[in-house]
There are 2 protein chains.
Amino acid sequence: MHRDIRGSGSLNIHLKKSLKNSETRDDDASLSSGQDLLARLRADIVKHTFAPETKLKFSDLTERYGLGIGTLREALSQLVSEGFVTLEAGKGFRVAPVSRHDLAEVTEHYVSFEKRALTRSIAAGDDEWETRIVASFHSLSIIEDLSWAERMRRHGDWVDRHRQFHEALVAACDDRWLLRLRSLMFYQLERYRFLSKMNREKSPTRKGTEHRAIMEATVARDAQKATALLERHIRETSESILGTLA
Amino acid sequence: MHRDIRGSGSLNIHLKKSLKNSETRDDDASLSSGQDLLARLRADIVKHTFAPETKLKFSDLTERYGLGIGTLREALSQLVSEGFVTLEAGKGFRVAPVSRHDLAEVTEHYVSFEKRALTRSIAAGDDEWETRIVASFHSLSIIEDLSWAERMRRHGDWVDRHRQFHEALVAACDDRWLLRLRSLMFYQLERYRFLSKMNREKSPTRKGTEHRAIMEATVARDAQKATALLERHIRETSESILGTLA
DNA sequence: GTTGCAATAAGTTTCGAAACTTTTATAATA
DNA sequence: TATTATAAAAGTTTCGAAACTTATTGCAAC
């Protein structure tokens, strides 16, 4: 029943300063170890490293991330606000559950946000915006053109580039709250995407074609066409996920 | 009428160690002193106890709320996710700024959410839902029918009852994420409402009339009319606030 | 005056121990 | 065997101090 936790407890040496003096590349990441913990935790939940409804015990988390309880609580609290984690007083944190109903809701809101954001983005985007879209599409297509096995191996990269592509599309939208809400729903949907990816792989080439079509319509400033393609793209993905959720 | 938010009232938890026991009524919130800190902090920001862009120093906050640094950080982190607070690495927390542009965005999203939530609520609401609306409207109208001076004095109560009324309207909506997003925008708007209240008071009687009309149309299950009234109600309020924001 | 640079103060971030709660295991009783 | 009481374990929540960062002050040198 009980596992490895006790055994390694005595070797809890924190080596906070050990990395400090390396002058090689001192990014601004050093002063916000709590901020990237948030990203790491969210990524691990999205990737189902922690399955839905898993209890998130501090004894496990401190070991995994090498950070203190307070820091972890802070990050988990933010994930509660984002809807990835639930908190029951006195019982601690859990990964939020998934359900077909929840997926349906998230999909509807995401479609609504993304379409509006794309329309505004197309209206306001400049050359730099266009260029970033083309670049991020290319970066994504490199992975999507790979063989099945290779694509599976680099799935983590695909997720990052897929997110970057969709972010690039809407980057010129000037409605800050719309972007914020869109981002919220995007991450929720990403968790469901992983769920489906774990079960079976869909026709992969079509996805690449869809992304290209969306990219081209966007760069051509055809908001009507771009949003229609985008909506179908999102809905088809969600419906295929719904199939895997018994 | 009944507070069905926490269905289970089975928690009998005794007081914590060193609470000032002047409280005759013992709520079940005592287990999570961190959770009601979140509500208190949010309320203080909404009420402009902390003005926009105010620095939120821990030395001040620990004294004001009588809680430790860790607990405060946790609550502030959640408010960052909700958009009430900003965090700059190494510089600490600040109350999020306000602007006309931000208000315009928040208003649009809130209108969109509230209209859809009300429509769904009207379609699904039962007798209990109806009754709660009538009750919360009455509770609100008691304050709105008061004289100007008295209304000002009890403005804190008005805010609570106003929120409860609007929550009652949409309570039967079955889209959890829609309610969540609506709530997010509602609180944002509430901060702007306070901003306007501090400057000058609008025609007060009309507001009461508007609330009554919304209530009646909702109870009559006239979604078309109710949402139209609601939209105008929200937009007029926001526009009057826009006037005060130079 | 003002620019540069320590030294100091003020404030933030992180951590782990202590207090408290829930759960599990053990014992006692019928 | 089943039930309840009691003790131990596991886990959570809170707090304050230590480590670290940023802002301020003081003081030369120009």
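Throughout, protein chains are lettered first and strands after them, A, B, ... in sequence-line order, and every chain is numbered starting at 1. Nothing here was measured: the structure is a model prediction, and the numbers come from that model.
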Rounded to whole angstroms, how far apart are CG on L61(A) and P on dT13(D)? 12 Å

Would you say K57(A) reaches dG11(D)'s phosphate, i.e. side-chain N/O to OP1/OP2 under 4.0 Å? yes

Which nucleotide in the list dT12(D), dC15(C), dT13(C) gets nearest to the side chain of F58(B)? dT13(C)

Whether the E74(A) and S77(B) side chains hold a donor-acceptor pair (N or O, under 3.5 Å, no angle test) is what I'd like checked. yes

List the atom pairs, with distances to 0.1 Å, where a side-chain N or O of residues 102-109 of chain B and a protein N or O form a donor-acceptor pair under 3.5 Å, not counting sequence neighbours.
| unit_1 | atom_1 | unit_2 | atom_2 | d |
| --- | --- | --- | --- | --- |
| D102(B) | OD1 | W177(A) | NE1 | 2.9 |
| D102(B) | OD2 | Y192(B) | OH | 2.6 |
| E105(B) | OE1 | R176(A) | N | 3.2 |
| E105(B) | OE1 | W177(A) | N | 3.0 |
| E105(B) | OE2 | R176(A) | N | 3.1 |
| E105(B) | OE2 | H101(B) | NE2 | 2.8 |
| T107(B) | OG1 | L103(B) | O | 2.8 |
| T107(B) | OG1 | S238(B) | OG | 2.7 |
| E108(B) | OE1 | R235(B) | NH2 | 3.4 |
| E108(B) | OE2 | R235(B) | NH1 | 2.6 |
| H109(B) | NE2 | D175(A) | OD1 | 3.4 |
| H109(B) | NE2 | D175(A) | OD2 | 3.3 |

Of L56(B) and G66(A), whose nearest nucleotide on DNA chain C comes first from the 5' end? L56(B)

Would you kindly say whether D44(A) and Y65(A) are connected by a side-chain donor-acceptor distance under 3.5 Å? yes

Compare the minimum distances between each of dT13(D), dG11(C), dC15(C) and the side chain of S59(B), then state the nucleotide with the smallest one. dG11(C)

Just to be sure I understand the rule, does E88(A) reach a base, reach only the sugar-phosphate, or reach nothing, if contact means heavy atoms closer than 4.0 Å? sugar-phosphate

dC15(C) C1' sits how many Å from L67(A) CG, rounded? 10 Å

Answer with base, sugar-phosphate or nothing: what part of the nucleic acid does I69(B) contact at a heavy-atom distance below 4.0 Å? base

Taking only N and O in the side chain of R73(B), is any of them less than 4.0 Å away from OP1 or OP2 of dT13(C)? yes

Please give, in whole Å, the distance from dC15(D) P to Y65(B) OH? 15 Å

Please state whether the phosphate of dG11(C), meaning OP1 or OP2, lies under 4.0 angstrom from any side-chain nitrogen or oxygen of K55(B). no

Classify the ring geometry of F165(A) against F137(A): parallel below 30°, tilted from 30° to 60°, perpendicular beyond 60°. tilted

Please give, in whole Å, the distance from dT12(D) P to D60(A) CG? 9 Å

How many whole angstroms separate atom CG of L76(A) from atom P of dT14(D)? 14 Å

Could you tell me if the side chain of F113(A) sits less than 4.5 Å from the side chain of L181(B), heavy atoms only? yes

With the side chain defined as heavy atoms from C-beta on, L87(A) is closest, among dT13(D), dA23(D), dT13(C), to dT13(D)

